[in-house]
Amino acid sequence: MFEIAHEPGALADTMAIFKDNQLNMTWIESFPIPGSRGRYLFFVEFEGHQQNPPCDVAIKAVKEKSLRLEVLGSYAQAPAIG
């Protein structure tokens, strides 16, 4: 979950971080921050664990661009059953 500055290109620049690190985003959604005009929280899911180098690099880069960043969870992929 992150908040970025409300300015042209800020979200596109942030999304480029995931592309540059070859991370597959599986979900993104924005929610307005109650009581604030033009401020949004973005929730993003992507494939990979936060300790994997590409994920770690991406998270650190998003943090540098963000006003706020919180990793809400990071889960290892389970092996296939069968």
Side-chain angles (χ1 to χ4, degrees):
M1 174 188 77
F2 60 89
E3 177 187 358
I4 51 177
H6 188 62
E7 58 189 35
L11 182 58
D13 291 345
T14 304
M15 295 299 94
I17 293 169
F18 295 95
K19 180 181 178 185
D20 293 345
N21 287 282
Q22 299 181 346
L23 297 173
N24 186 35
M25 291 179 52
T26 57
W27 178 68
I28 181 171
E29 193 160 346
S30 64
F31 295 93
I33 297 174
S36 61
R37 185 179 169 135
R39 292 180 56 198
Y40 295 86
L41 287 177
F42 293 91
F43 290 78
V44 173
E45 287 184 3
F46 60 91
E47 293 176 354
H49 190 273
Q50 70 181 11
Q51 292 179 342
N52 294 348
C55 300
D56 182 53
V57 168
I59 291 167
K60 287 176 180 171
V62 171
K63 186 173 186 168
E64 286 181 22
K65 288 193 165 293
S66 299
L67 304 172
R68 170 183 176 187
L69 178 128
E70 294 180 40
V71 176
L72 301 176
S74 182
Y75 308 97
Q77 185 173 4
I81 298 174

Tell me if the CD atom of Gln22 is crowded by more than 12 foreign heavy atoms within 6.0 Å.
no
Quick one: which residue pairs count as a salt bridge (Lys or Arg N to Asp or Glu O under 4.0 Å) with a foot in [range], not counting sequence neighbours?
range          : answer
residues 66-80 : Arg68-Glu70
residues 20-29 : none
residues 35-51 : Glu3-Arg39

For Trp27, what are the other residues in its hydrophobic cluster, where any two members join if their side-chain heavy atoms are less than 4.5 angstrom apart?
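Result for Trp27 is Met1, Phe31, Ile33, Leu41, Phe43, Leu72.
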Linking directly or through intermediates, with side-chain heavy atoms under 4.5 Å: list the remaining ILVMFWY members grouped with Phe18, chain and number order.
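Listed partners: Phe2, Ile4, Leu11, Met15, Ile17, Leu23, Met25, Ile28, Tyr40, Phe42, Val44, Phe46, Ile59, Val62, Leu69, Val71.
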Quick one: list whatever passes side chain to side chain donor-acceptor pair (under 3.5 Å) with Lys65, sequence neighbours left out.
none
Tell me the closest heavy-atom pair linking Ser74 and His49, and the distance in Å.
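Shortest heavy-atom separation between Ser74 and His49 comes out as OG-CD2, 3.3 Å.
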